[in-house]
Amino acid sequence: MNQQSSFGPVPASISRRAVLGAGGAASLALLLAACSPGGGGSTASQPLKFWNMPWGPTSFLNEDKRIVAGYKPASGFGVAQYRQVQWANFTQTFATAVASNTGPAVSSGGGTQAFSFESEGKIAYADDLLAAWKKNGIYDDFLPGLVDSLKTKNGYAAVPYNLDVRLLWYNKALLESVGATPPTDWTSFEAVCKALKAKGIYGYGTYSGAGGATGQHTLVSHMINNGGGLFDADQNPNCVTPENIEAMDWVLGLVKNGYVDPRAASYTPANAYTQMNDKKFGMIWDSSGTPSQVDAATASDLVVADPLVGPSGKKGTLFFPNNIMMYKNAPSQAASEAFLTYYYQNMKSLWTKKTGIGLPPLKSIASAAFADDPNTTKIIDSWQPIGKTFGAPGQDTVFLNLAKADGTQPMFNFAQSILSGSTTAKDALAALQKALTSA
Amino acid sequence: MSIGTVAERLQQARRGVGVSGRRPGTVRSRGDRTPLGRARGTLALFAIPSLLLLVLLNVFPVGYAIIQSVQDGTPSTLPTEAPFVGFANYVNVVTSAQFLHAALFTLAFTICGVFGSWIIGMAFALLLRTRIPANAAFKVLLLLPWIVPVVVSATAWNWLVATPQSPLPVALSAIGVTNANFLGDPVLAQIVVIIFKVWISFPFMMMMMSSALASVDLNVYEAAKIDGATQWQALTGVTLPIVSRTTYISWVLMTIFCVNDFPTIFLLTQGGPVNATTSLIVLAYQAAFQDQQTGPATAIAILMTVVLVIVSTVLYRQIKKVNIE
C-alpha cells in the first residue's frame, strides 16, 4: 500500500523535477542574497537607521523609542528606525554591520568606536552639524570642553551624548561614627582611611574583578589627579612617568596599610556594592550611578566628596564623553543631521524621567533634571570640569589608541597587581607600558 | 520474480543475498536499472540544498578562520582588506609568555576537570546503583549542577567565596583559617575555578557511567565473588574494563568541553587575577574582542582545534582497541 502524506496527497501536476527546480532556485536566491552587498544606492528618503545602546534599564529603552518615534522628517527625508544594540559583543555587531554596509546611519556605541571607524573612513564628520548647532543654541549648551574632546585632525568624529566620571563617594554615617571629616586631599584621605580601619572598615573601596573596569579607571584618575596619565602628546602610551609612579606608590601605600580590601582586585561590581551595604566600605571610587546600585539605606548616606587635591596641588579625574556618531553609509548626511538635531532638542526626558542614563552633556538638561539633587549637581559643577579623557596628559581628546587601554586585559592585570600589592609602582607601570606598546 | 518460502528467504539472508536476489557489493550491470538506482541521481539532487547549508555553516567559518589567522586584521576588516602575514601570527602566539601560561593552565584545568569529574561521577554512579531510599530524587538533585545555567552557578560560587562575609570564608575563619582570599590569590583562584569546573561537570559523567553500568550483567560479579575477588578487585578487574568504552568516550567529550570552556572561567574570574586563570579560549577572546586582533585570536583557536583533534584521535583509537578486545 502506498504511504500517503498526513498533509494530503501531492498533486499529480507537480513533478519531482519541479520540486527540485523550486528548491534549487530558492537555494540560489538565498545564496545570492547572502553574498550581495547591502545598503548600496541610498537615497535621502530611505528610512534612517538609528542604533542606540542600553544606557539604562527598560525605562530608558521605552523613553528613547518614544522620542525617536516622534521624529517627523522633513519632506524628502526618511523616517527613523530604532534598534537597541546590547553591550555583549557590541564591537562585533557594529564591525560586521559597518563592514558589510548594513550598519546604522547614526549610532551611539563604545567610547572609542567613532575613532576606530574614523580611521577606516566610515565616519561622516560632524563639523557641519556643529556649525548648524552654533546657530540654534545647542552648541553653546554643551558643558565646557566636551565637544572638542571628540575632535580629530580631520574633523569631529562624533558629538557628546552622555558622560561618565570617576569620583569619590563617602558614607556620611560611617565617617561620623569614627569622628572623621570628609577628605579634601591625599593626606586627609589617608587620615580618614586610618580612622575607618580602626573600626574594621576599608576606606578605599574599589573593584577590579570580572566585569569591573572601574578599578583600573580609578588608578588612572589618580594619575591624572597628580598631573599624569597614560598617553603622550603623540597619542602613544607613556606610562612610566614620575607623576604616575608617585600616584601608584600612594595607592600601594594604602594597600600596605590595610586601607584597601585585599579581595578588591577580584571583586565584581556586585561584591563591592555588597561591601557598601554591609558597611565594610566607608568610601568608594565609582561613577555617578553608585546610589542606584546600593540599598536605599546606604544610598541615603552617600555623599559626593570634593575632588581631592594631589601632592602637586592639582585636581583632576578621568571622564568618558560617550558619544553619538554619523556614518558615511546613510540615506544622506543631511538626513542624519536633521535627525540628530531633532534628537538633541527632544532628549531631555531621558534625564528628567531618571531613565538611568549617565550625566547629560547639555547644561539646560543638567539644570532641569538635577536641580534638586545636590550630589549630581556637585558632580557636574566640581568633578566634570576637572575631568580629562584617557588620553591625558598628552591629549584632551579621545582617539583610537585609547582602545588599547580602556577595559583591556593589560589594564586589568595592572590594576589587579597594584590593588593586591604584589608589585612595585615602577614595575607595574613598566609592564603596562610594554603591553600597551605591543598591543 | 517468485516469492519463495520463508525458509528460502532465511537461507538467502544467511548467505548475504538481498531481497532483490543479488549479493551486497556485486557490480550492477549497465542495463540493471532498479527503481532505487534510477532515483539515485534525484536523491543526490535533493541532497544539494543540505550540502550547501552544511558548507555555509561549517566549512565556510573554518575556512574563514584559517584565512584570518594568516592576516593582520581586526573584527571590522574583511579578508580582502587585511594584509597577509603568513605564519607570523602563529609564531608570535606560540612564542609569547601569555600563551605558554594559558596553555599550562588549560592543561591543568583539563586534566583536573576530566579526571576529577569522572572520579566523582563514577563514584555517584556506583552509589546510585545500590538500593538507597529516594534514589530517583537523589539523581535529580545530583544533576542540578549540570542543568542550572552557568551564569547562575558562577554567581552562586562568587557569593560562596568572594567576600569575607561569604559562607566559605566565614566557615574557615571559625576553624582558625582567616583571610582566605579565594578569588584574589592567584593559586587559590586557579583551584576554585578547577573545583567549580569539576562541580558543574560531574553530573554529566555520572549519567554516562550510570548508563554504562546499567548494561553490566550482575552475574559477572557473582562469578568474581565465587572466585574470591574483593570489592576493590571487582571494581578494577570487572567493572572498569567493562565500562572502559564509555569511559574513553566520556573522556573525549569532557576534554573537548574543558578546553573550549569559556563561560566557567570568564564569569567567575574573567581570567584574573593577573592572568592566573586565563585559559587558551579566554586568551583568544581577549585577543579578538579586547585587543581587536583577529589574527592571533584565530591562530590560538586553530592551534586548540589541532590539539583537540590529536587528543580525540588518540582516545578514539583506544576505544577501537577496546572494541576489538
Side-chain angles (χ1 to χ4, degrees), chain A residues 16-17 19-21 23-24 26-28 30-31 34 89 91-92 94-100 116-117 120 122 200 208-212 261-268 270-272 274-275 278 280 403-404 406-417 419-420 422-423 431 435 438-439, chain B residues 39 42-43 45-46 48-53 56 60 74-78 81 92 96 98 154-155 158-159 161-166 169 179-186 188-189 192 265-278 282-283 285-294:
Chain A
R16 271 190 314 204
R17 288 186 190 282
V19 173
L20 279 173
S27 301
L28 191 64
L30 277 172
L31 197 65
N89 287 337
T91 313
Q92 188 83 340
F94 277 100
T96 50
V98 171
S100 60
S116 173
F117 287 131
E120 296 172 7
K122 310 279 189 187
S208 189
D261 188 334
R263 296 162 191 82
S266 61
Y267 275 167
T268 62
N271 294 148
T274 301
Q275 294 297 79
D278 289 348
K280 296 294 178 186
K404 291 180 179 176
D406 186 12
T408 60
Q409 200 56 32
M411 286 297 296
F412 269 106
N413 290 344
F414 170 72
Q416 288 170 345
S417 63
L419 293 174
S420 62
S422 62
T423 184
S438 63
Chain B
T42 311
L43 290 173
L45 284 172
F46 269 119
I48 285 176
S50 303
L51 287 172
L52 268 175
L53 275 177
L56 278 174
F60 175 72
T74 70
S76 59
T77 50
L78 296 170
E81 300 169 342
N92 291 339
S96 74
Q98 272 183 310
T155 308
N158 179 281
W159 169 82
V161 299
T163 70
Q165 298 85 48
S166 296
N179 295 325
N181 190 354
F182 284 105
L183 298 179
D185 180 85
L188 278 178
V192 169
I265 297 169
F266 202 77
L267 291 171
L268 199 58
T269 63
Q270 208 166 307
V274 199
N275 283 338
T277 58
T278 297
V282 173
L283 189 65
Y285 170 84
Q286 290 167 356
F289 297 107
Q290 291 183 345
D291 301 341
Q292 307 286 303
Q293 296 178 332
T294 47

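Here the structure is a predicted model, which is why all the values come from computation and not from measurement. Naming: A, B, ... by sequence-line order, numbering from 1 per chain.
- Within the model, atoms CG of B/Asn181 and OG of A/Ser266 stand 5.5 Å from one another, a figure rounded to the nearest 0.5 Å.
- In this structure, no portion of B/Asp185 lies under 4.5 Å from any heavy atom of chain A.
- Residues A/Gln409 and B/Asn275 meet the side-chain proximity criterion, which asks for heavy atoms closer than 4.5 Å.
- Rounded to the nearest 0.5 angstrom, B/Leu268 CG and A/Thr268 OG1 are separated by 10.0 Å.
- Of the two parts of B/Pro164, the backbone and the side chain both hold a non-hydrogen atom closer than 4.5 Å to a non-hydrogen atom of chain A.
- Interatomic distance, CG of B/Asn158 versus OH of A/Tyr267, reported as 9.5 Å (0.5 Å rounding).
- A 4.5 Å side-chain heavy-atom check between B/Leu183 and A/Arg263 finds every atom pair outside the cut-off.
- In this structure, the portions of A/Thr408 lying under 4.5 Å from any heavy atom of chain B include both its backbone and its side chain.
- Looking at A/Asn271, A/Asp261, A/Asp278 one by one, the single match for side-chain contact (heavy atoms from CB on, under 4.5 Å) with B/Thr163 turns out to be A/Asn271.
- Using modelled atom types, one side-chain atom of B/Gln270 and one backbone atom of A/Gly211 make a donor-acceptor pair closer than 3.5 Å.
- Interface remark: A/Phe94 contributes no atoms to any contact with chain B (heavy atom separation under 4.5 Å).
- Residues passing the ring pair (Phe, Tyr, Trp, His ring centres under 6.0 Å) test with B/Phe182, sequence neighbours excluded: none.
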